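The structure appears below as structure tokens.
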Amino acid sequence: MKVLFYGVREVEVPLFHELNKKFGYDLELIPDYLNSKETAEKAKGFECVVLRGNCFATKEVLDMYKSYGVKYLFTRTVGTNHIDVKYAKELGFKLAYVPFYSPNAIAELAVSLAMSLLRHLPYTAQKFNKRDFTVDKNMFSREVRNCTVGVIGLGRIGFTAAKLFKGLGANVIGYDMFPKTGIDDIVTQVSMEELVAKSDIITLHAPFIKENGKIVTKEFLSKMKENSILINTARGELMDLEAVVNALESGHLAAAGIDTIEGEVNYFFKNFSNDEAKFRLEYPLFNRLLDLYPRVLVTPHVGSYTDEAASNMIETSLENLKEYLDTNACKNDIKA
Ligand SMILES: O=C(O)CC[C@@H](O)C(=O)O
């Protein structure tokens, strides 16, 4: 079976070949993201196509895939909001996703961003890089054990982040739309209002559900503690970016660590360093955010870019296909 994988990074290629040994598929690994007619055309001749985040399976793309004879449309991600699932089902595609992979990948990034900002590491490193070795009041830090960390979304990733913060000594509180059992020794579950009011660091680990709208709004930010830190390694759509930038610029928020931004497909994974002036004109809001460095750390959606997570995502996708081929069904089918 010929299988096309989009968005394959160089470091992943040996993993694909190793993990495919037990399946023996005919793999085509391409670095392109599915974001244009040209990239959709790359699926000609393949029965199975596997996407990643920022690969958009729109109605137009799905019609093209259908005409090419693609039967299996997978994503090697937890999130599925880049696929028009309803339309894909109508067209009869067999769908699958990766319901979980190493939760530590994302949770560790969230903790790293939070700790770097809490200890003012980017500020300090930037100053030292300019050969200024003086210590100033901006480097004075709170210790995380004297902080309350609020975790929004207590699924596998949120709970792993909670355990890591707890291990560092923080007081960890959490909120989930669907309260969890068996986690009370790690995280105290509270209402969203209480979490927002009490947290020194808030970290988002919820999926983006269009019908529920954004979590981090102007109102949410106004209720966050003065001098608190916001971390988002989940989905950019969860926050009103303009409101976040305003809260940072006004000084109400001390810092933010952000791995996902609404509309990130426009600039993540591309190099604008030779045309910064044009880039600034095109994306003024994103540039206002970037200009807040070193109080703001932005990373290009690399939460899952780790050895363990990449293996999990590839292996589960290959297994999903095997399950479909063996049984004509798959436990990781995407629900409409
Ligand atoms: O494909 C990626 O790079 C990230 C995917 C990640 O956000 C997910 O939903 O699993």
Side-chain angles (χ1 to χ4, degrees), residues 3-13 15-16 19 29-35 39 42 49-58 61 73-85 88 95-113 152-161 203-210 212 214-215 231-239 241 257-270 298-320 330 332-335:
V3 185
L4 173 69
F5 277 84
Y6 281 95
V8 175
R9 293 155 289 196
E10 207 182 331
V11 293
E12 295 177 311
V13 173
L15 284 176
F16 271 98
L19 292 165
L29 310 175
I30 59 170
D32 316 60
Y33 287 79
L34 170 64
N35 53 17
T39 49
K42 302 213 175 229
V49 169
V50 188
L51 313 179
R52 259 190 51 212
N54 286 309
C55 288
F56 297 99
T58 57
V61 166
L73 178 64
F74 296 174
T75 180
R76 58 180 167 122
T77 57
V78 172
T80 56
N81 55 327
H82 49 292
I83 299 175
D84 188 332
V85 173
L95 306 178
Y97 75 126
V98 177
F100 55 88
Y101 49 80
S102 171
N104 299 59
I106 323 288
E108 284 178 13
L109 180 63
V111 174
S112 305
L113 289 170
I152 297 180
L154 294 169
R156 285 185 179 85
I157 300 173
F159 183 53
T160 303
T203 182
L204 303 177
H205 297 288
F208 174 62
I209 301 166
K210 215 171 174 183
N212 297 351
K214 300 193 181 309
I215 294 178
I231 305 295
N232 184 4
T233 55
R235 279 292 180 268
E237 290 83 350
L238 290 172
M239 54 182 196
L241 187 58
I258 292 174
D259 188 49
T260 55
I261 304 247
E262 190 166 13
E264 65 192 33
V265 67
N266 293 315
Y267 30 79
F268 279 10
F269 324 123
K270 297 177 187 165
V298 182
T299 49
H301 209 140
V302 288
S304 61
Y305 192 44
T306 70
D307 51 357
E308 187 69 29
S311 287
N312 299 162
M313 290 160 121
I314 297 165
E315 192 166 24
T316 304
S317 301
L318 299 173
E319 274 163 1
N320 286 343
C330 178
N332 296 332
D333 181 15
I334 306 174
K335 311 281 173 287

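All ligand and atom numbering here is 1-based and tracks the order in the structure. Model, not experiment: these values are computed from the prediction.
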By number and element, which atoms of ligand 1 are closer than 4.0 Å to a non-hydrogen atom of [X]?
X      : answer
His301 : 4 (C), 6 (C), 7 (O)
Ser304 : 4 (C)
Gly79  : 8 (C), 9 (O), 10 (O)

Under-4.0 Å salt bridge between Arg76 and Glu12 | yes

Got a salt bridge between Arg235 and Glu262, using NZ or NE/NH1/NH2 to carboxylate O under 4.0 Å?
-> no

Considering only non-hydrogen protein atoms, determine which one is nearest to [atom] and report residue, atom name and distance to 0.1 Å.
atom                   : result
atom 8 (C) of ligand 1 : Tyr101 OH, 3.3 Å
atom 9 (O) of ligand 1 : Arg235 NH2, 2.7 Å
atom 5 (C) of ligand 1 : Thr77 CG2, 3.4 Å

Quick check: [X] and ligand 1, any N/O pair under 3.5 Å apart?
X     : value
Gly53 : yes
Arg52 : yes
Val78 : yes

How about Phe74 and Tyr97: are their ring centroids closer than 6.0 Å?
-> no

Are Phe269 and Tyr33 near enough that their ring centres are under 6.0 Å apart?
-> yes

Just by modelled atom types, is the Ile258 backbone N or O under 3.5 Å from a matching donor or acceptor in the Asn232 side chain?
-> no

Is there a side-chain contact between Thr75 and Arg52, using heavy atoms and a 4.5 Å cut-off?
-> no

Residue that, paired with Phe268, satisfies side-chain contact (heavy atoms from CB on, under 4.5 Å) out of Val298, Thr299, Asp259, Val302 = Val298

